[in-house]
Amino acid sequence: MSTPNDETDRDSPSDFVRDKVVADTAAGKYHGRVQTRFPPEPNGFLHIGHAKSIALNFGIAEEFGGECHLRFDDTNPETEDQSYIDGIQEDLAWLGFSPSGETKFASDYFGQLYEWAEQLIAKGLAYVDDQDAETISEQRGGFGQPGVESPYRERSSDENFDLFRRMKAGEFEDGSRVLRAKIDMQADNMQLRDPVLYRIRHAHHYRTLDEWNIYPTYDWAHGQSDAIEGTTHSLCTLEFADHRGLYDWFLANIDDLPYEAPEQTEFARLNLTHTVMSKRVFRRLVDDGHVDGWDDPRMPTLRGLRRRGYPPAAIRAFVEHIGVAKTNSVHDIELLESFIRTELNEHATRRMAVLRPLQVTITNWPTDAGGQPEVVMVEVANHPKDESAGTRMVPFSGELWIEQDDFKLEPPPKYFRLSPGREVRLRAGFLVTAVDADVDADGHPTLVRCTYDPASAGGSAPDGRKVKATMHWVSAAHAVDATVHLYDRLFTDPHPGSDGAEVFDSLNPSSRETVAAKLEPALAEANPGEVYQFERLGYFATDPGDTSVFHRTVGLRDEWANIQKRRQ
RNA sequence: UGGCCGGUAGUUCAAUUGGUGGAACGCCAGAUUUUGAUUCUGGAGGUCGCAGGUUCGAUCCCUGCCCGGCCAACCA
């Protein structure tokens, strides 16, 4: 089949949500208007799961020429805070998305919400219940068991108005009364068993201050906020599917909606192996000191990933690639990492750094008139595939650091790095041959003696002979010291907390290893937050606050590690 | 126990009104390579959850069953 659409549609994502938008638009719903929203609760920072929702909502708005609003669902003043509002906006901008128009707040709609609640009371569709939370919960019944109607369910509307207004005025204690919708205490969908619309909270709200003594619940606020803003497609995660009946019921029973009622569509949230996407768990990780904070590079929060060096473009590419469906899914974190590598491989500046230094002395290296080893500046490309990245000059001398892994006294099969009698290339420098090595009491090499071929400047010999390995190195006299954090999975279990396990039982005690590294001099001028490739090792980001500290973003693919694994 | 939603390579997703099941990542092999990286080529890998039914023909439609997730906050 070959229609003109094949060409134009190839790159735009297709999924059941977009299919619905296309169908709705074609059917003339909302007069062809498309509007979405991203509605975080300001009680924590964004994580990569939110990135999926953000990309979906903003992506659809853009593809269909519509708008996507940022609206804070700030209906619970006891757990929410202005600092999260600031942080979330910062993270959203970093990810690369700009909301349409002003930032919205559910709290801006408290007045309208209250009026609509009175409208429900007037229609006999809402009532004030004087019972406590525990009693209401018991009366709700259970799965397959009927609910019990509240003794206050048939109150007169006069009494309901009076009580509701006095709740608003602050006459009653927290938790002493609630406003409930009168729906159906026998409904199979538990959400429909007379849900709570308002609870009494004499709490200070960071935006409405002390104006309100009652606060709307999520269910009462969300759909109506969507409707007030003109949302057409209200996208949320699967666990809200049961709430859709409520969402529709509220909208259907309000007379003066400013726009055609929006529709809720649910999709599966993003999960990743070896981590957990839960604000509750995040908070405990931070509070118990398992990580340094919400921006610890091991956290799947956007600020954690940013500090770790994950490029926003790679995160966007990843969440677009995994698509949108209703299947509960857990994505392999390695898939995310492959997107990080793809992005970084293309753009990261190459540098040399030795993480676990082993001393090398070149025994036939020349000395100058003063008896000091001569220093030769060698030119090294900043990117193997991108000439425009230019080159830099790196000092080479007779005393060097190499990686401990790059030398073996007795090389195992298929090992083709340095060992006694074997010649390798020191990248862009010279060919060297190991002679012997000093070892410590445990037999570990402490110093390797080599000879070099003076005719191999630049890394190749005139006779064209080949070597099997090219290694990175740093001149000892010029090395810059740095602290490098090497990160591993936060949780050892691919599915923390599954099969009844306790999430924190699989917390990886060695999720961070810190080493004292030796860097080539150019890295002394590293930019804050920039990601470099340390050749043959991986990608490393400088800490935004201290450029002598590096975080390993992700390692390079490692064939040698695979070979070793297979031999076991 | 009731309701809702799911089940397609190892993993995650596709397959446009029922017509020989594809991609990405991972894995394996080869080529290239002054990063065991990158890049390129090829390969292995499937009882479309199970069983019936409708049909010339079913991953797709119907029924039943099995498995997984969510729901009984005055959280979102």
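In the text below, chain A, chain B and the rest are named by the order of the sequence lines, each starting its count at 1. Keep in mind that this is a model prediction, so the values were computed, not measured.
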Sugar-phosphate only, base, or nothing, as touched by V467(A) at under 4.0 Å among non-hydrogen atoms: nothing

Residue pair Y206(A) / S107(A), side-chain heavy-atom distance below 4.5 Å: no

In A14(B), glycosidic geometry as syn within 90° of 0 or anti otherwise: anti

Between C71(B) and A15(B) - C1' atom distance, rounded Å: 33 Å

Strand partner of G6(B), provided both Watson-Crick or wobble distances fall under 3.5 Å: C67(B)

Touch class at under 4.0 angstrom, heavy-atom based, for D19(A) against every strand present: nothing

Would you list the protein and nucleotides 21-24 of chain B atom pairs, both N or O, that sit under 3.5 Å from each other?
unit_1, atom_1, unit_2, atom_2, d
A24(B), O2', H321(A), NE2, 3.0

Separation of A76(B) P from Y198(A) OH (nearest whole Å): 12 Å

Sugar-phosphate only, base, or nothing, as touched by Q139(A) at under 4.0 Å among non-hydrogen atoms: nothing

If you restrict it to nitrogen or oxygen atoms, what contacts under 3.5 Å exist between nucleotides 65-73 of chain B and the protein, and what is each distance?
unit_1, atom_1, unit_2, atom_2, d
G69(B), O2', N328(A), ND2, 3.3
C71(B), O4', D242(A), OD2, 3.4
C71(B), O2', Q191(A), OE1, 3.0
A72(B), O2', G141(A), O, 3.4
A73(B), OP2, S137(A), OG, 2.5

All salt bridge (Lys or Arg N to Asp or Glu O under 4.0 Å) counterparts of E559(A), not counting sequence neighbours: R566(A)

Spacing of the C1' atoms in U17(B) and G53(B) (rounded, Å): 22 Å

Touch class at under 4.0 angstrom, heavy-atom based, for G323(A) against every strand present: nothing

Ring-ring centroid check Y84(A) F45(A), cutoff 6.0 Å: yes

Pairing nucleotide - C74(B), Watson-Crick or G-U, each distance under 3.5 Å: none

Nearest-angstrom distance, P atom, G49(B) to C13(B): 14 Å

Heavy-atom donor-acceptor pair, N382(A) side chain to A389(A) backbone, under 3.5 Å: yes

Nearest-angstrom distance from the residue atom CZ of F72(A) to P of A76(B): 16 Å

Of K279(A) and V330(A), the one whose closest RNA chain B nucleotide lies more 5': V330(A)

Touch class at under 4.0 angstrom, heavy-atom based, for R566(A) against every strand present: sugar-phosphate

Nucleotide paired to C61(B) in any strand shown, Watson-Crick or G-U, under 3.5 Å: G53(B)

Contact check, side chains of W473(A) and V432(A), non-hydrogen atoms, under 4.5 Å: no

Base partner of C40(B), which must satisfy Watson-Crick or wobble distances under 3.5 Å: G30(B)

Whole-Å gap separating P (U11(B)) and CZ (F318(A)): 16 Å

Distance, rounded to the nearest Å, where F16(A) contributes CZ and C5(B) contributes P: 12 Å

From C5(B), C13(B), A76(B), nucleotide with atom closest to Y218(A) side chain: A76(B)

Sugar-phosphate, base or nothing in reach of T75(A), heavy atoms under 4.0 Å: sugar-phosphate

Pair D174(A) + R201(A), salt bridge at N-O below 4.0 Å: no

Flag side-chain contact, heavy atom, 4.5 Å: R417(A) against M471(A): yes

Whole angstrom value for the distance that separates C1' of A76(B) from CG of D219(A): 9 Å

F534(A)/F550(A) under ring pair (Phe, Tyr, Trp, His ring centres under 6.0 Å): CA gap, chis, key distance, verdict: CA-CA 11 Å; F534(A) 290 177; F550(A) 286 78; 5.3 Å; yes

Touch class at under 4.0 angstrom, heavy-atom based, for A428(A) against every strand present: base

Gap in Å between the two C1' atoms, one belonging to G45(B) and one to C25(B), rounded: 14 Å

Centroid-centroid distance, F240(A) to Y247(A), less than 6.0 Å: no

Kindly list each side-chain donor-acceptor pair under 3.5 angstrom involving residues 313-324 of chain A, sequence neighbours excluded, with atom names and distances?
unit_1, atom_1, unit_2, atom_2, d
R316(A), NE, L95(A), O, 2.8

Sugar-phosphate, base or nothing in reach of R180(A), heavy atoms under 4.0 Å: nothing

Any donor-acceptor N/O pair, N189(A) side chain to D242(A) backbone, under 3.5 Å: yes

With E337(A) via salt bridge (Lys or Arg N to Asp or Glu O under 4.0 Å) - residues at least two apart: R489(A)

Matching residue for T36(A) among T231(A), D226(A), V21(A), I60(A) - test: side-chain contact (heavy atoms from CB on, under 4.5 Å): I60(A)

Protein-nucleotides 35-38 of chain B N/O pairs under 3.5 Å:
unit_1, atom_1, unit_2, atom_2, d
U35(B), O2, Q533(A), OE1, 3.1
U35(B), O2, R536(A), N, 2.7
U35(B), N3, Q533(A), OE1, 2.5
U35(B), O4, R350(A), NH1, 2.3
G36(B), OP1, R536(A), NH1, 2.9
G36(B), O2', E559(A), N, 3.2
G36(B), N7, R417(A), NH1, 2.6
G36(B), O6, F416(A), N, 3.2
G36(B), N1, K414(A), O, 3.0
G36(B), N2, K414(A), O, 3.4
U38(B), OP2, R557(A), NH1, 3.2
U38(B), O2', N345(A), ND2, 3.0
U38(B), O2, K385(A), NZ, 2.4

Distance, rounded to the nearest Å, where L336(A) contributes CG and U11(B) contributes C1': 14 Å

Sugar-phosphate, base or nothing in reach of S329(A), heavy atoms under 4.0 Å: sugar-phosphate

